[in-house]
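What follows is a set of notes on a single structure, which appears directly below.
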2 protein chains.
Amino acid sequence: MAGIRVEAPKSRPVLGRRAVISREDLIKAAVRLVGPNRSVSTLSLREVARQAGIAPNSFYRHFRDVDELAVTLVDEAGRALREIIGEARQRAESGRSVVRSSVEVFMKQLDADEPFLPLLLREGTVGSPAFKAAAERQLQYFEEELQADLVRLAALRGETMVSPHLVAKAVTRLVFTMGSSLLDMPREQHDEFRESLVIMIRMILTGAEVMARGIELGNHRGPSRQ
Amino acid sequence: MAGIRVEAPKSRPVLGRRAVISREDLIKAAVRLVGPNRSVSTLSLREVARQAGIAPNSFYRHFRDVDELAVTLVDEAGRALREIIGEARQRAESGRSVVRSSVEVFMKQLDADEPFLPLLLREGTVGSPAFKAAAERQLQYFEEELQADLVRLAALRGETMVSPHLVAKAVTRLVFTMGSSLLDMPREQHDEFRESLVIMIRMILTGAEVMARGIELGNHRGPSRQ
DNA sequence: CAAGAATATATACAACTGTATATTAAATGG
DNA sequence: CCATTTAATATACAGTTGTATATATTCTTG
């Protein structure tokens, strides 16, 4: 894990001035304050400073305001995403179900003591334009990588995928929103969750394939306009 | 629309005491303050009171605290959902594509000057346990209604749907999260959005149907364990 | 090592917050 | 109609907030 490690603050002698305050100190402090019951949008500059054990004014040495810090938190979550994608690709070589192993990687990452990704999954739909754009960037990144993988895997089967962009978008959206639900879920429901998500993803992939082949099914396809 | 109508505050003589303050005054004031760039979790009691043109202490006559008001906002959004479902069912009789017409109803409602539903789509993943539970209730409600409809429509075709619960969940999650994206989208992209969402939903429905029939496709089904 | 630059803290200010208590005005019921 | 109850406002308090300016300490460089 190449991102920022967040641990409990070390007890520090409260005498005088600190030598140097790093940007990471503030990032760590902030992410310790947010969670399922506390939105990043409610953070105050002073409480972040307090959590970091610094004077409020030092905050301005690293961030223009709390919103800029929030954007940074989202960007940090992007690292966790890259980790997921990397490992999922590694596991895709193992001959097991790509969907299942990818879901497992995703869930494992959410189980890990990595605090940035949950924030991304939970937030990103309300906030400053910069904050929302940052979250959207991560979503886009995940979509594009997934799309590339879907196309590649289809090619390995000697097929051409139709609408890979929409497939990737649907899967990404589903996985992100289901991921945010997982965060609040008791552990004993995790197996059931995994099975459900695997099936849902397979529905999308299977449906996409059938639609690409122009196979006629049911009537939810609408008037014959294929 | 049987819910609370929200309009600009009427200019009020700022002389002395108001006759009676209604709960709806506060609800309307609150929803006027939230939006794409402002989370409900950042609302203060005093600013809601200010927006409603009342003294802060009057707030306590109707709500215990701002969180209770936030829960009420989510419950109000449930009314908009019921409207969508009702109209989508009406249109389902018209012989057109159920998926397309339902997406159109959904989008029309988001276009309407109805402020509660956007809040539900944007928020609901961070906040107090009560707030999150309120949002989850609405999601559950939508899922259950959709599931019932899917089962009914399948029966009309003389079929039995497999995993209607998962299909409904996948579609609901997708629609809600895509809906929140629509809120920030320029109008000229709405047509494309609608087409994309229709296709995505069809992928899920088609995939579910194929999987139910046990049709073998590609290898993203995993090792043959059907 | 020492002087100067950079940086962390202290102090200050004005504004905001939630909530308690007191006061005043509208509603209610006989 | 009037006395009482109910409800809206005013005032107060203690705490918080972001940010500006002053002060003190650490870092850097020659």
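Reminder, nothing fancy here: chain letters follow the sequence lines and each chain counts from 1.
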Rounded to whole Å, CD1 of A:Ile54 lies from P of C:dT7 at a distance of 14 Å
Grab the CG-P distance between B:Leu26 and C:dG18 for me, whole Å please. 13 Å
Contact nearer the 5' end of DNA chain C, comparing B:Glu47 with B:Val20: B:Glu47
Give a yes/no verdict on a cation-pi contact between B:Arg82 and B:Tyr141, requiring under 6.0 Å between NZ or CZ and the six-membered ring centre and an angle within 45° of the axis. yes
Check whether the side chains of [X] and [Y] place a donor and an acceptor atom closer than 3.5 Å, and report yes or no.
X	Y	value
A:Arg89	A:Ser102	no
A:Gln51	A:Glu47	no
B:Ser39	B:Glu123	yes
B:Arg202	B:Ser97	yes

Identify, with sequence neighbours excluded, every residue that meets ring-ring contact (aromatic ring centres under 6.0 Å, His included) alongside A:Phe131. none
Near DNA chain C, counting only heavy atoms under 4.0 Å, which residues of residues 57-71 of chain B show up? B:Asn57, B:Tyr60
Under 4.0 Å from a heavy atom of chain B: give me the 5'-most and 3'-most nucleotides of DNA chain D that qualify. D:dA7 to D:dA12
Quick one: do B:Glu136 and B:Lys132 make a salt bridge, cutoff under 4.0 Å? no
Hey, is the side chain of A:Arg17 pairing donor to acceptor with the base of C:dT7 inside 3.5 Å? yes
Please give me the minimum heavy-atom distance between B:Ala29 and B:Val48, naming the atom from each residue. CB-O, 3.7 Å
